[in-house]
Structure formats: C-alpha cells, structure tokens
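Numbers here are sequence positions counted from 1. Start at 1 and go down the list; that is how both ligands and their atoms are numbered.
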Amino acid sequence: MLIVQKYGGTSVANVERIKAVAERVVRTAKQGNKVVVIVSAMSGETDKLINLAHQISPNPSDREMDLLLSSGERVTTALTALAIEALGHKAIALTGWQAGIITDSVHTKAKIERITGERVINALNNGYIVVIAGFQGITGEDGEITTLGRGGSDLSAVAIASAINSDLCEIYTDVDGVYTTDPNIVPEARKMEKISYEEMLEMASLGAKVLQTRSVEFAMKYNVPVVVRSSFSDNPGTLVTKEDKDMEKVVVSGITYDKNQAKITLIGLPDKPGIAAKIFTDIAKANLIVDMIVQNISSDGKSADISFTVPKTDINKAFKLAKDIATDLGAVNAIYRDDISKISIVGVGMRTHSGVAAQMFDNLAKHGINILTISTSEIKVSCLIEAKYTELAVRVLHDAFGLAQGATA
Ligand code: ASP
Ligand code: MG
C-alpha cells in the first residue's frame with residue numbers, strides 16, 4: 001500500500017516523540033508499504049514564532065510571517081528524516097516547495113492550487129521514506145513561500161495523499177479518534193469506528209478540534225479515506241469516509257459545542273429590500289465570519305430585528321461596525337451578548353428520521369436550559385444557550401440520544 005501519515009505537533013513535540021514517530025514509520029515501511037510522512041511544527045512552536053513577531057511589530061507583514069512560520073515545519077521534517085535514517089532506513093526530508101505544493105499568493109491562508117508529485121513518487125520508487133513539511137507551499141508565479149492557515153498540515157497531508165493516489169491518509173494526533181462528544185465533559189463518550197465526511201465536516205467546523213475543516217472538505221471532494229488516530233498508542237482510530245447505510249441508522253452521531261460565539265442583535269430596522277444585503281455585505285468586507293442569522297418581523301409588519309453570531313474574538317470589531325451600519329439604516333438599537341455558546345447535534349440519520357429537533361429542545365427544556373437561537377441544516381440542529389449551561393447541555397443530549405459506551409440508540 002501507499003500510505004500517507006501525518007503527525008501533529010504533540011506527536012513531534014520533542015526528540016523522544018520524534019524517535020517514536022520514526023519507529024512507527026519504519027515499522028509501516030517494513031510491512032511492505034511505501035510511506036510519505038507529513039509533519040507539523042513541534043507543539044507550541046508556531047505560536048512562539050507568532051509571538052516573537054508581535055513583540056517586534058504590531059502589524060507584521062504577511063509575506064514575512066509566512067517565511068517565519070514555515071521554519072517550524074522545516075525543523076521537524078529534517079529531524080524526523082534523521083531519526084528514520086538513524087534506524088537504518090533511507091529517508092529524505094522535503095520542504096513544501098521541494099515537494100511541489102503550489103499555492104495561490106494569499107499569504108498566511110493560501111489555497112493549494114496543484115501538487116507536482118513527481119519528486120515524491122521518484123523518491124518512493126527509489127526506496128526512500130519521504131518526509132514533507134506540512135502547512136507550507138510556494139506560489140506558482142514568483143516562488144514566494146506561503147502557509148495554508150492554522151492547522152494546515154492536515155490539509156497538506158490530505159492534498160498530498162490525493163495527488164499521489166495514496167490508499168490511505170492517517171492523521172496522527174494525541175487523541176484516539178473522533179468521539180461522540182468531548183470526553184472531558186462526558187467521560188462515557190465513545191470513540192466512533194467511522195464517520196461520514198459530511199458529519200466530520202459539521203463536527204470539525206462546530207468545534208471538535210481533531211481535524212482542520214478545510215482538510216475534511218478536501219478529503220470529501222477527492223474521496224480520500226482518512227483515519228484519525230493516536231501516535232501515543234496502537235489503538236485503531238476513526239475512519240472518515242463516504243456515507244453508508246449503517247450510518248443512516250444512527251440518528252445522532254455526535255454532540256458538539258462552541259464557546260467562541262457572540263450574538264449581535266440589531267433592533268427596529270426598516271423592513272424593506274436591501275437591508276440585510278447591506279449589513280452582511282459590509283460585514284463580509286471586514287472579513288468577519290458570520291454563522292447563524294435570524295430575522296424577525298415586528299407584529300405591525302413595519303420593522304425587523306436581525307440577530308447574528310460572530311466569533312467571540314471578533315465581537316468588538318463586529319459590534320462597532322454593525323452598530324454604525326444599523327444606525328445609518330435607521331435602526332432603533334443594537335445590543336450584543338457574549339456569555340453564550342452553541343450546542344449542536346449532528347447525524348446523517350436526521351435526513352430519514354423525524355422529531356429529532358423536538359427531542360433536543362425537549363431535553364434542554366427539562367433541565368431548565370433556555371434556547372436563545374435555533375438553526376438547522378439537513379444533518380444538524382444547533383441551539384444558542386447561555387454559556388454557563390454548556391457542560392450540562394452536552395451531558396443531557398449525549399444521554400438523551402443514547403451515545404454513551406455500551407448504549408444502543
Ligand atoms: N504548525 C501549524 C499550526 O500550528 C500547522 C499545523 O500544525 O497544522 O497551525
Ligand atoms: Mg492540528
């Protein structure tokens with residue numbers, strides 16, 4: 001088999017960990033596989049570099065940031081290749097650009113445009129284990145070094161797996177796989193054997209931090225089988241794959257929460273065409289990511305209230321901007337709250353089962369948890385609630401949908 005193995009920051013955090021990674025990689029190769037390894041920077045390293053830059057400049061240029069941040073992965077790539085060689089196996093370390101990862105020129109969040117994988121394939125055919133730096137690439141036109149956004153090594157791994165037609169892409173991290181919910185909140189949370197791309201996408205973007213969202217989108221689009229597993233054990237992980245009939249039988253697969261939410265409400269806007277368009281165009285131009293949006297029309301039909309959520313980290317910027325726009329448009333008031341969190345239930349089975357949302361609301365109500373905002377998609381129901389109820393809500397829903405170990409839904 002041709003296998004891509006990606007090791008995250010905690011898996012290459014120090015010399016011991018890197019040696020352990022090398023052993024696993026060599027073991028995999030000795031079982032008769034060709035192996036490509038993608039590594040992250042040592043855990044904490046990227047943050048450290050960002051911090052250094054900010055000590056020097058409040059507004060460091062994106063181009064120089066990319067050059068700086070890409071160095072973290074170069075270090076672990078070279079060390080991992082050396083560790084493999086020390087075990088007596090041929091290895092070659094490549095930077096993202098040496099591996100032919102061509103991106104657009106949006107520094108600090110570049111998109112991969114194509115991968116010219118010949119060098120990797122040639123090295124594999126010559127008996128090398130190829131170790132590639134994650135998170136980085138190079139622009140096609142002028143050879144500028146770019147990075148793919150935080151957590152981007154997952155994307156590097158999936159993209160390379162797809163480019164070289166690998167049979168499997170293993171993402172090694174410090175957890176055993178994808179859980180039905182956060183085991184820190186619910187100790188009975190169960191590791192899933194497999195999960196569909198779509199569910200994983202919802203879980204990833206809803207705050208289950210195991211896989212970077214873009215990497216899941218990429219895997220889904222190009223049908224790359226991904227396994228999330230731990231580099232600290234030999235436990236089998238969770239397979240992220242195409243939806244199948246079994247998955248549909250399970251109504252709710254997982255419960256997620258996101259505490260990084262804040263809600264803005266614009267009160268008494270005129271109810272006429274173009275108001276929402278104006279507000280959200282200006283907000284998008286400021287690069288603010290909006291999640292839930294709810295509009296209510298007043299009972300006399302003359303005015304509208306619009307509520308929406310943004311990441312808590314952007315609330316000051318978003319509120320100031322939204323308030324200014326709303327005032328210009330003749331709104332009565334603007335308010336926000338940031339003591340909230342979003343709880344979601346996710347499952348492809350929702351497509352074929354009814355009453356799932358009602359069951360969620362009912363269970364929250366039974367525990368006195370008030371719902372502030374609701375949004376739904378085909379395979380997800382999300383509720384905004386007061387942040388102090390987050391853990392309780394997660395436990396209650398995990399139980400209600402029968403997700404605990406040994407339970408049958
Ligand atoms: N080192 C980068 C980060 O910390 C990329 C990654 O680890 O995936 O975001
Ligand atoms: Mg990561």
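Ligand 1 has an N or O atom lying under 3.5 Å from an N or O atom of G151, backbone or side chain. In terms of N/O distances under 3.5 Å, ligand 1 is not approached by D154.
For K90 and Y128, the positive end sits near the middle of the six-membered ring, less than 6.0 Å away and at most 45° from its axis.
For the side chain to side chain contact (heavy atoms under 4.5 Å, CB included) criterion with S105, the lone passing option out of I138, T146, T139 is T139.
Rounded to the nearest 0.5 Å, atoms CG (L69) and NE2 (H107) are 12.0 Å apart.
The closest approach between G9 and ligand 1 stays at or above 4.0 Å for every heavy atom of the residue. Between E73 and ligand 1 there is a heavy-atom distance shorter than 4.0 Å. Look at G72 and you'll find every heavy atom at least 4.0 Å from all atoms of ligand 1.
Using a 4.0 Å cut-off between a side-chain N of Lys or Arg and a carboxylate O of Asp or Glu, R229 and D176 do not qualify as a salt bridge.
Every atom of ligand 1 is numbered from 1 in the order shown, and the set under 4.0 Å from a heavy atom of R150 is 3 (C), 4 (O), 9 (O). Within ligand 1, the atoms closer than 4.0 Å to a non-hydrogen atom of S40 are 6 (C), 7 (O), 8 (O), numbered from 1 in the order shown. Listed by atom number, the atoms of ligand 1 under 4.0 Å from S153 heavy atoms are 5 (C), 6 (C), 7 (O), 8 (O).
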All N/O donor-acceptor pairs, side-chain side in residues 318-333, below 3.5 Å, sequence neighbours left out:
{"from": "K320", "atom 1": "NZ", "to": "D324", "atom 2": "OD2", "distance (Å)": "3.3"}
{"from": "T327", "atom 1": "OG1", "to": "K323", "atom 2": "O", "distance (Å)": "2.6"}

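A parallel orientation is assigned to the rings of Y7 and Y172, their planes being inclined by less than 30° (bins at 30° and 60°).
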